[in-house]
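Worth knowing before you read on, the calculation uses all heavy atoms, side chains too, and leaves out hydrogens, waters and symmetry mates.
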Amino acid sequence: MLMRCDGAHDIERDCLGEDEQQLLDSLLEEGIIRRARFGEYLAPDQEYKTYPAQYKREAHWSITGACNLRCRHCFMSAPSAKHGVPSKEQIVSIADQLAECGVFQVGITGGEPLTRKDFLDIVDMLNEREIGIDCIYTNGWLVDEELLDGLEKRGAHPPFQLSFDGVGCHDFLRGVPGAEEHALSAIRLLCRREHQVSVSMCLHRGNRHTLRETVKCMASLGVSSMKVSAAFELGEWAHPELADLRLSPEEELQLYLDYIPQYFDDDAPLAITLSGAFRYSPGRDAWDSFSIKGCPAEAEKCTPSCGVLVDCFYIGAEGMVCPCMGMADTAYAPSFPNLFETPLKDILGDSEFDHLCRASVSDVRDGSGKCRDCEFIDRCNGGCRNSALMAGEGYYGADPEACWFFEHDGDKRIAQVAKESFEAYLRRNQPQGGQAATEDDLKDCI
């Protein structure tokens with residue numbers, strides 16, 4: 001019906017079937033369509049279009065597998081460009097396929113995406129195809145005025161996400177002297193130029209003591225949000241000589257338990273996510289947890305295990321297409337398709353890949369062999385597919401990190417340590433909307 005609303009041809013209501021007439025009437029009543037005025041036609045960007053693929057809002061796109069740093073924890077082994085560097089022709093092919101499939105938003109990553117000398121040419125390609133840049137993921141070393149001027153000239157003002165791994169500790173993890181100062185300079189410049197800036201921090205035993213100082217430092221520079229988690233035991237971080245630096249699950253959780261009261265005592269200086277355990281944005285009257293996402297039995301067949309995978313996907317530097325970037329170096333990776341071998345429209349069509357992205361809670365609960373009879377089934381949907389693959393549990397396996405979190409009362413322990421400081425924070429900072437939280441709100445804050 002929408003395709004027939006082309007602004008050029010009349011729709012004779014009396015020639016429609018009863019169901020079509022009802023649909024037409026409802027679209028008119030809801031303001032989705034209206035009658036064209038005399039001499040009025042649709043502009044090109046108003047025309048309804050169809051695409052030969054399932055809907056995907058965004059591609060997380062690695063435009064290179066190379067990097068200018070030597071990060072000790074790189075799960076992509078970018079220092080050796082393990083995944084290669086796509087040619088200009090391959091970049092054009094990917095951009096064309098994204099446009100063909102109606103994917104009009106990308107997050108640009110690497111390796112380090114700014115090492116490509118044709119980076120702004122790639123921005124031009126995206127502009128020509130009306131593909132927006134949702135975020136640029138970078139280590140910050142190559143962020144300068146010239147880059148930002150080039151983006152502004154092209155009408156692009158994207159958010160940036162940088163890595164920053166602890167005040168005084170960043171150089172160690174990044175493997176190159178001066179990485180910390182370059183990252184700080186980039187953050188200052190981006191905030192001065194009014195780009196939205198977020199930061200990710202990888203925790204290990206050598207930098208865990210800097211968490212509070214680092215959050216306060218980032219907030220003072222203008223960073224809007226931080227994601228904090230322990231480094232994944234993949235790629236470079238899987239080397240045996242780094243084993244002493246890895247945090248155990250209990251150590252990571254204890255770090256969060258110690259920090260959450262400090263975070264609220266500091267008046268929640270920025271939005272923060274602590275792995276899957278805790279998440280809060282300043283001004284809200286409740287905090288929550290990624291790990292707590294229960295689904296009733298009657299809805300499990302139609303509820304996605306991961307909502308992010310329904311809307312987004314990852315394209316690797318070598319052309320591999322997988323549901324999530326973190327899956328790129330797991331043992332399951334050879335099972336994912338490659339868009340240089342199979343057209344993206346087929347990968348995103350009615351395919352096995354699409355089924356993986358749309359895996360339901362029921363698929364996971366039945367596929368893991370553990371979840372269905374788990375006592376925490378009402379709290380967890382089997383956890384993260386990425387974590388399950390990293391642990392070798394299979395795509396539909398249980399997430400050992402989520403299992404550990406609930407088996408060790410992680411949710412209850414966090415709620416207990418957060419209660420007093422969160423209530424005090426709310427008393428000092430009236431939530432948006434102007435109405436203070438009630439006692440029931442505080443009980444249900446997770």
Side-chain angles (χ1 to χ4, degrees), residues 44-45 49 51 53 56-69 76 78 81 83-163 182-183 185-200 223-224 311-321 325 328 339-340 344 348:
D45 60 352
K49 301 177 178 68
Y51 299 97
K56 289 289 185 180
R57 175 177 56 82
E58 180 176 351
H60 200 66
W61 182 15
S62 177
I63 61 174
T64 179
C67 185
N68 55 332
L69 300 186
M76 291 183 64
H83 292 276
V85 178
S87 67
K88 187 73 169 284
E89 292 72 24
Q90 289 175 319
I91 290 289
V92 171
S93 173
I94 293 173
D96 284 341
Q97 293 189 63
L98 288 169
E100 180 186 23
C101 293
V103 182
F104 291 127
Q105 186 166 282
V106 295
I108 299 180
T109 186
E112 170 50 50
L114 300 182
T115 58
R116 289 196 67 118
K117 297 186 184 302
D118 60 353
F119 180 81
L120 290 176
D121 293 336
I122 295 174
V123 175
D124 288 334
M125 289 182 209
L126 295 174
N127 278 343
E128 290 166 3
R129 292 160 180 79
E130 298 183 328
I131 299 174
I133 301 174
D134 176 61
C135 188
I136 295 174
Y137 299 83
T138 174
N139 58 44
W141 192 290
L142 300 173
V143 173
D144 57 21
E145 298 276 8
E146 183 179 358
L147 169 71
L148 301 186
D149 288 343
L151 290 171
E152 293 286 353
K153 181 180 177 181
R154 290 160 173 81
H157 195 82
F160 281 74
Q161 183 174 122
L162 282 79
S163 301
H182 276 84
S185 296
I187 292 170
R188 294 187 190 101
L189 173 60
L190 288 165
C191 290
R192 180 169 60 81
R193 296 283 294 261
E194 298 184 343
H195 286 264
Q196 181 179 336
V197 180
S198 59
V199 163
S200 63
V223 171
S224 61
D311 291 341
C312 306
F313 66 106
Y314 171 69
I315 301 174
E318 75 282 56
M320 177 176 61
V321 179
M325 184 177 186
L339 55 67
F340 295 139
L344 185 61
L348 299 184

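A tilted orientation is assigned to the rings of Tyr314 and His60, their planes being inclined by 30° to 60°.
Closest non-hydrogen pair, Leu142 versus Leu114, comes out as CD1-O, 3.4 Å. The shortest non-hydrogen separation linking Thr115 to Ala66 is OG1-O, 4.1 Å. Of all heavy-atom pairs spanning Glu112 and Cys67, the tightest one is CB-SG, 3.7 Å. Contact between Pro113 and Ile108 at its shortest, heavy atoms only, is CB-CG2, 3.8 Å. Across all non-hydrogen atoms, the minimal contact from Ile315 to Ala59 is CD1-CB, 4.2 Å.
The pair Lys56-Asp311 does not meet the salt-bridge criterion, since no charged nitrogen lies less than 4.0 angstrom from a carboxylate oxygen. Between Arg154 and Asp121, none of the side-chain N atoms (NZ, or NE/NH1/NH2) sits under 4.0 Å from a carboxylate O, so this pair counts as no salt bridge.
The environment of Glu145 atom CD is dense: over 12 non-hydrogen atoms of other residues, nucleotides or ligands sit within 6.0 angstrom. Environment of NZ in Lys153: sparse, with no more than 12 heavy atoms of neighbouring residues, nucleotides or ligands closer than 6.0 Å.
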For Arg116 and Ile91, run side-chain contact (heavy atoms from CB on, under 4.5 Å): C-alpha distance rounded to whole Å, both residues' side-chain angles, the deciding distance at 0.1 Å, then the answer. CA-CA 11 Å; Arg116 289 196 67 118; Ile91 290 289; 3.8 Å; yes

Would you sort out whether Phe119 and Lys117 count as a side-chain contact (heavy atoms from CB on, under 4.5 Å), showing the intermediate values? CA-CA 6 Å; Phe119 180 81; Lys117 297 186 184 302; over 6 Å; no

Please lay out, stage by stage, how Cys191 and Val197 fare under the test side-chain contact (heavy atoms from CB on, under 4.5 Å). CA-CA 7 Å; Cys191 290; Val197 180; 3.9 Å; yes

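Met325 contributes atom CE, which lies 5.5 Å from atom OG of Ser62 (distance to the nearest 0.5 angstrom). Note that CG of Leu344 and CD1 of Ile94 are 9.0 Å apart. Values are rounded to the nearest 0.5 Å. Taking OG of Ser224 as the start and NE2 of His195 as the end, the distance is 13.0 Å to the nearest 0.5 Å.
When only modelled atom types and interatomic distance are considered, Gln97 and Ser93 share a side-chain donor-acceptor pair under 3.5 Å.
In this structure the side chain of Ile131 never reaches within 4.5 angstrom of the side chain of Val103, judged on heavy atoms.
With sequence neighbours excluded, the residues that form a side-chain hydrogen bond (donor to acceptor under 3.5 Å, both in side chains) with Glu152 are His157.
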